[in-house]
*Asks:* 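If you scroll down you'll find the structure; I have some questions about it.
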Amino acid sequence: MRLKDCESCLVYGSDRKPLSRARVTEVKENVLQLYFRSPKLKAVRLKTIVDFYDAQQGLIRTLCDMTLKKNPKVYEAGEPWMADCTLVKVYESFQRQKDIRVKVQIASEFVMSDGKYFSGTVRNISAGGLYMVTDQKMNSGQMFSFTYPFKAEPFRVNVRVLRVQELMGGYGYGCKFEELSPGEEADVRNFVYQKQIQRQLERQKRQELPEEGL
């Protein structure tokens, strides 16, 4: 298997818990190098699960052989550890890229097709759309847009309302992105993947916190 547009991954430990996020470079088919910012690693060889976040192919869960070692070029990128990584197996079934949805809290200003501005909060997002809450009344099929820096430079995103949910004091809208360029879609997908990695690592840290004594 060859990755098409992959910049990051999440490496799991031998206990199958998230270990660390890593930057990805491809050497050749099925052979990669991973670079870690975390200093809390050690030199070891292991076979473990790695989730690759590919902007074109989606989330790819794999089994990899890897050798963790000190990075001799640590001062160039601030990554003290690296790993030689060989893909052993690609698991066949996992979430398609547009199904991966993460919870967020993005307060933003939106503009309707008639030029009217309103405020709202995006509660979750995927590569294909979002769910938002607002006090602005809209109908299914209605279009609006907003600007957000999903990766680097902010760009304008067009959104279509698919479903309407009445809430206490407002409305919830399930929406679909419209007319995203391939580059913009890749930026949104990458944003979703990074949020997913962040939440997985935060969940791991909470699990590792010692219980308080009585």
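Note that the numbering runs from 1 along the sequence shown for the chain.
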*Asks:* Return yes if some donor-acceptor pair links the side-chain N/O of Thr121 with the main-chain N/O of Ala107 below 3.5 Å, else return no.
*Replies:* no
*Asks:* Does the Lys NZ or Arg CZ of Arg23 fall within the cation-pi geometry relative to Tyr35 - under 6.0 Å from the ring centre and within 45° of the axis?
*Replies:* yes
*Asks:* Are Arg61 and Tyr12 in a cation-pi setup, meaning NZ or CZ lies under 6.0 angstrom from the ring centre and within 45 degrees of the ring axis?
*Replies:* yes
*Asks:* Side-chain heavy atoms nearer than 4.5 Å, only ILVMFWY residues, links allowed to pass through others: does that put Leu180 and Ile106 together?
*Replies:* yes
*Asks:* In the single-linkage hydrophobic clustering (I, L, V, M, F, W, Y; side-chain heavy atoms under 4.5 Å), do Val102 and Val188 co-cluster?
*Replies:* yes
*Asks:* What distance separates Lys89 NZ from Cys64 SG, expressed to the nearest 0.5 Å?
*Replies:* 12.5 Å
*Asks:* In terms of the angle between their ring planes, are Phe155 and Phe150 parallel, tilted or perpendicular, with boundaries placed at 30° and 60°?
*Replies:* tilted
*Asks:* Would you indicate whether the side-chain heavy atoms of Met66 and Val11 approach each other to under 4.5 Å?
*Replies:* yes
*Asks:* Is any side-chain heavy atom of Val88 less than 4.5 Å from a side-chain heavy atom of Thr62?
*Replies:* no
*Asks:* Report yes if the side chains of Pro72 and Met82 come closer than 4.5 Å at any heavy-atom pair, otherwise no.
*Replies:* yes
*Asks:* Hey, does the side chain of Asn71 reach the backbone of Glu79 with a donor-acceptor pair shorter than 3.5 angstrom?
*Replies:* yes
*Asks:* Output the distance between atom NZ (Lys70) and atom CG (Leu41), rounded to the nearest 0.5 Å.
*Replies:* 9.0 Å
*Asks:* Please name the residue in the list Thr25, Asn30, Leu32 that meets the side-chain contact (heavy atoms from CB on, under 4.5 Å) test with Leu3.
*Replies:* Leu32
*Asks:* For Glu153, is the CD atom crowded, meaning more than 12 foreign heavy atoms sit under 6.0 Å from it?
*Replies:* no
*Asks:* Calculate, to the nearest 0.5 Å, the distance between atoms CE and OG belonging to Met138 and Ser140 respectively.
*Replies:* 10.5 Å
*Asks:* Check Arg37 against Gly78 and note the closest heavy-atom contact, atom names and distance.
*Replies:* NH1-O, 3.6 Å
*Asks:* Crowded around Tyr117 OH? As in, over 12 foreign heavy atoms under 6.0 Å?
*Replies:* no
*Asks:* Within the 4.5 Å heavy-atom criterion, are Phe144 and Cys175 side-chain neighbours or not?
*Replies:* yes
*Asks:* To the nearest 0.5 Å, how far apart are CD in Glu179 and CZ in Arg156?
*Replies:* 11.0 Å
*Asks:* Kindly indicate whether the side chain of Val164, heavy atoms from C-beta on, has any atom under 4.5 Å from the side chain of Tyr173.
*Replies:* yes
*Asks:* Going by heavy atoms in the side chains, are Asn158 and Met143 under 4.5 Å from each other?
*Replies:* yes
*Asks:* Is Val122 close to Phe110 at the side-chain level, that is, under 4.5 Å between some pair of heavy atoms?
*Replies:* yes
*Asks:* Are Leu34 and Val31 linked, directly or through intermediate hydrophobic residues, by side-chain heavy-atom contacts shorter than 4.5 Å (ILVMFWY only)?
*Replies:* no
*Asks:* If you group Ile, Leu, Val, Met, Phe, Trp and Tyr by side-chain heavy-atom gaps below 4.5 Å, do Leu162 and Tyr131 land in one group?
*Replies:* no
*Asks:* Is it true that Val157 and Phe118 fall in one hydrophobic cluster, defined by side-chain heavy atoms closer than 4.5 Å?
*Replies:* yes
*Asks:* With under 30° as parallel and over 60° as perpendicular, where do the rings of Phe146 and Tyr148 fit, or are they tilted in between?
*Replies:* tilted
*Asks:* Are more than 12 heavy atoms from other residues, nucleotides or ligands located less than 6.0 Å from atom CD of Glu166?
*Replies:* no
*Asks:* Hey, are the side chains of Tyr53 and Leu10 touching, using non-hydrogen atoms and a 4.5 Å cut-off?
*Replies:* yes
